[in-house]
Amino acid sequence: MEKILDLISKEVKKAFVDAGFSEEYGKAVPSNRPDLCEFQCNGAMAAAKEYKQAPYAISEEVAKYLSDDSLFLSVESVKPGFLNLTLSGEFLSEYTNLMLDDERLGSEEIGHGETLLVDYGGANVAKPLHIGHLRSAIIGESVKRIGRFMGYHTIGDVHLGDWGLQMGLIIEELHDRQPDLVYFDESYDGAYPKEAPFTITELEEIYPAASQKSKEDPAFLERAHQATLKLQSGYAPYRAIWRHIMDVSVADLKKNYDRLNVHFELWKGESDAEPYIPGVIRDLKERGLARESDGALVVDIAEEGDAKEYPPCIIRKSDGASLYATSDIATIVEREEDFSPAEYIYLTDKRQQLHFTQVFRVVKKAGYVKPETKMIHIGFGTMNGKDGKPFKTREGGVMRLEYLIDDINAAVFERIIENREISEEEARETANIVGLAALKYGDLSNQASKDYVFDLERFISFEGNTGPYILYTIVRIKSILRKYSEAGKSADVARILPPRTEEERDLLLGLTRFNSVIENAFEETAPHKVCAYIYDLSNAFNRFYHASKILTEEDEKIQGGYIRLITLTKRVLETGIEMLGFSAPSRM
């Protein structure tokens, strides 16, 4: 389906041509004075200079050719030269009925099956997820889901931190604690155990202990460096320990990501890029793209027209070690080999903006990705406490993500159980659904690059711009539809009718914006625009609900139209929250 603005613009452009002017001046936009009209065209103001006529004379002439157009209820030319446009109720009815009949609600699949790879998550193995991992997971999952809805073949990669010094630290700490393990017996030549010699709880205690020891004991730190080197060189016993670390960690990470309704198609990490690094360095050197600088190997990325200076990208340090940039470049080489994506989207803390500018420019300069391949970095802000500082526990530490989820679910449960209209078991299940909506919507409703304040009381409120309010609206519609069905009625053959009230009209207008909002949210990688839209639509529905007698309407044709209208509203809202990564319960 064509977007409603495109349909309006098509008619206005035709009228400009019929009136003797260029169609380029016929673009329609949403009105900045909704109290006067719904859409407007300001093209006469620009056309006046070319045609040497007064803007008002041009708008008056164009308005004549639109006056009988069935698309519009009214077309008004107002000084100094604006066209004020109000849509006809019949057109709004026709458009929303087309949406109702379309499984995609009127949205085109602009991705055409091309591959979109989203790099988000970025958890480190052997460490629990904490609130610092929250935004990457939530925003990345939503961006991926919006891309999938828009027709892309989406691939989400968690890109684990699994190949650095922390591995050597864990190995040496395990050695000190359990020296009799076969992995540390140089004479052992049998198969290594399938079961890990530690649980996730023990592993999560081993790493911080090892990290602290490395700061106090230089000899231990050196042992860890050597263990890391042996691991990366393929030493079988340490590779076996590393696989245990990966198996135990990934199982725990999946469990916690599942609680966030965040799912990855790929569970790859830095280790997967390691085999590509020597070839990348060799290639960049041989082609003259990398140069020596104070013993390090760098690639210049500055381009003509840059508004600021960009330092070279270091791909190998003076001691021969590679860096995160090298690993990320090698990862892209691997991804091109495996998937050749049409677009990449990376989610990290906004402080890594320069890093990704460097990486993207290197891979484009080297021709590892096509010139037309889009590469986007979404740098997100921090989640802060009410004091404006990064969110901490009461003890001042970094909160584990599972504890944050538990706290939110418990708070929502207390609110739900106050009503005592449902069993405790159902209340807890509902609290988990609503709690996730509160957490995700509370984050996603903010522009990703902005810092925001985590306010538990506001996030779990059933009123205002919150996830629970959106869910409550959907549940209200479900309740109406259920009661309508229980009364033995069916609206399967009914159609949405032209609006009879301002509240009904506003709801129809809101629904017609769906396809343009979602497409824009994808193009700008902006889930907060989906949030703003479904909040506005929820408000429009609730105003309509309070102004209308849906279940008591005596005219069956009008009532059937109402039922179809709110059915469409429910589908649009449910599609929106699916893109945000949560769902609605049956009742609240």
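Position 1 is the first residue of the sequence; numbering continues from there.
Of all the heavy atoms in Gln178 and Pro197, the pair that sits closest is NE2-O, 3.4 Å. Nearest heavy atom pair, residue Arg458 against residue Val453, reads NH2-O, 4.3 Å. Among all heavy-atom pairs drawn from Ser583 and Leu471, the shortest one is O-CD2, 3.6 Å. Here the shortest heavy-atom pairing between Leu129 and Tyr257 reads CD2-OH, 3.6 Å. Taking each heavy atom of Leu289 and Ala366 in turn, the nearest pair found is CD1-CA, 3.7 Å. Summarising the geometry of Asn409 relative to Gly435, their closest heavy-atom pair is OD1-CA, 3.6 Å, with the distance given to 0.1 Å.
Rounding to the nearest 0.5 angstrom, the gap separating the CG atom in Asp443 from the CG atom in Leu134 is 5.5 Å. Taking OG of Ser249 as the reference point, atom CG of Asn124 lies at 10.0 Å (rounded to 0.5 Å). Atom-to-atom distance recorded for Cys531:SG and Asn465:CG is 7.5 Å, nearest 0.5 angstrom. Taking OG of Ser293 as the reference point, atom CZ of Arg316 lies at 12.5 Å (rounded to 0.5 Å). In this structure, Asp272 CG and Leu160 CG are separated by 9.0 Å, a value rounded to the nearest 0.5 Å. Here CD of Glu274 is found 5.5 Å from OG of Ser322. Values are rounded to the nearest 0.5 Å.
With sequence neighbours left out, Asn261 forms a side-chain hydrogen bond (donor to acceptor under 3.5 Å, both in side chains) with His263. Judged as a salt bridge (charged side-chain N to carboxylate O under 4.0 Å, His left out), and not counting sequence neighbours, Lys285 has no contacts. Taking Asp6 as the reference, nothing meets the side-chain hydrogen bond (donor to acceptor under 3.5 Å, both in side chains) condition, with sequence neighbours excluded. A search for side-chain hydrogen bond (donor to acceptor under 3.5 Å, both in side chains) contacts involving Glu337 returns Tyr276, not counting sequence neighbours. Annotation: side-chain hydrogen bond (donor to acceptor under 3.5 Å, both in side chains) contacts of Glu336 (sequence neighbours excluded): Tyr344. Every residue meeting the salt bridge (charged side-chain N to carboxylate O under 4.0 Å, His left out) condition with Asp176, not counting sequence neighbours, appears here in chain and number order: Lys213, Arg223. Shown here are the salt bridge (charged side-chain N to carboxylate O under 4.0 Å, His left out) partners of Glu523, two or more places apart in sequence or in another chain: there are none. Here Glu578 pairs with Arg145 under the salt bridge (charged side-chain N to carboxylate O under 4.0 Å, His left out) rule; sequence neighbours left out.
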Worksheet item: Could you walk me through whether Phe454 and Leu439 pass the side-chain contact (heavy atoms from CB on, under 4.5 Å) check?
Response: CA-CA 9 Å; Phe454 179 83; Leu439 178 62; 4.1 Å; yes
Practice prompt. List the steps, then state whether salt bridge (charged side-chain N to carboxylate O under 4.0 Å, His left out) holds for Glu108 with Lys3.
Written response: CA-CA 9 Å; Glu108 301 292 333; Lys3 294 188 284 293; over 6 Å; no
Worksheet item: Can Leu116 and Ile155 be said to form a side-chain contact (heavy atoms from CB on, under 4.5 Å), step by step?
Response: CA-CA 6 Å; Leu116 165 65; Ile155 300 172; over 6 Å; no
Worksheet item: side-chain hydrogen bond (donor to acceptor under 3.5 Å, both in side chains) between Tyr441 and His528: does it pass, once the steps are laid out?
Response: CA-CA 9 Å; Tyr441 191 92; His528 72 278; over 6 Å; no
Worksheet item: Would Tyr403 and His130 count as a ring pair (Phe, Tyr, Trp, His ring centres under 6.0 Å) if you check the C-alpha gap in whole Å, the side-chain angles of each, and the deciding distance to 0.1 Å?
Response: CA-CA 9 Å; Tyr403 297 160; His130 57 75; over 10 Å; no
Worksheet entry | Residue pair Asp258, Lys255: steps toward the salt bridge (charged side-chain N to carboxylate O under 4.0 Å, His left out) verdict | CA-CA 5 Å; Asp258 281 349; Lys255 180 187 72 176; over 6 Å; no
Worksheet item: Hey, mind stepping through Val248 and Thr199 against side-chain contact (heavy atoms from CB on, under 4.5 Å) and telling me if it holds?
Response: CA-CA 7 Å; Val248 170; Thr199 64; 6.0 Å; no
Item to complete: Let me see the working for Phe220 and His225 under side-chain contact (heavy atoms from CB on, under 4.5 Å), right down to the final yes or no.
Response: CA-CA 9 Å; Phe220 178 81; His225 277 296; over 6 Å; no
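A distance-only check finds a donor-acceptor pair linking the side chain of Ser142 to the backbone of Met579 [under 3.5 Å]. Within the 3.5 Å criterion, the main-chain N or O of Ser211 finds a donor-acceptor partner in the side chain of Ser214. Looking at Thr228, its side chain does come within 3.5 Å of a backbone N or O of Ala224 through a donor-acceptor pair. Between the side chain of Glu574 and the main chain of Ile474, no donor-acceptor pair closer than 3.5 Å is present. Side chain of Asp162 to backbone of Val125: no donor-acceptor contact under 3.5 angstrom is found. With Ser516 contributing its side chain and Arg513 its backbone, the two residues share a donor-acceptor pair below 3.5 Å.
For residues 325-335, the set of pairs meeting the side chain to side chain donor-acceptor pair (under 3.5 Å) definition, not counting sequence neighbours, comprises Asp119-Arg335, Asp157-Arg335, Lys268-Glu334, Asp328-His355, Arg335-Tyr346. Contacts classified as salt bridge (charged side-chain N to carboxylate O under 4.0 Å, His left out) and involving residues 444-453 (residues at least two apart or in different chains) are given here: Lys350-Asp451. For residues 357-381, every residue pair satisfying the side chain to side chain donor-acceptor pair (under 3.5 Å) rule, not counting sequence neighbours, is listed here: Asp283-Tyr368, Asp306-Arg361, Ser340-Lys370, Thr348-His377, Gln353-His377.
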Show which side-chain atoms of residues 146-154 pair as donor or acceptor with protein atoms under 3.5 Å away, not counting sequence neighbours.
residue	atom	partner	partner atom	Å
Arg148	NE	Thr154	OG1	3.4

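Electrostatic pairing of Glu204 and Arg400 counts as a salt bridge here, judged by a charged N lying under 4.0 Å from a carboxylate O. A salt bridge links Glu524 with Lys529; the closest basic N to acidic carboxylate O contact falls under 4.0 Å. Checked for salt-bridge contact, Arg351 and Asp349 meet the test: a charged N lies under 4.0 Å from a carboxylate O. A salt bridge does not link Arg177 to Glu172: none of the charged side-chain nitrogens sits closer than 4.0 Å to a carboxylate oxygen.
Asp294 CG: 12 or fewer foreign heavy atoms inside a 6.0 Å radius. Enclosure of atom CG in Leu404 by more than 12 non-hydrogen atoms of other residues, nucleotides or ligands within 6.0 angstrom is indicated.
In this pair, Tyr192 and Tyr188 present their aromatic rings tilted. The plane angle is within the 30 to 60° band. Between Trp242 and Trp163, the ring planes lie perpendicular to each other; the angle is over 60°, past the 30° to 60° tilted range.
Ring centroids of Phe264 and Tyr120 are separated by less than 6.0 Å, placing the two rings close together.
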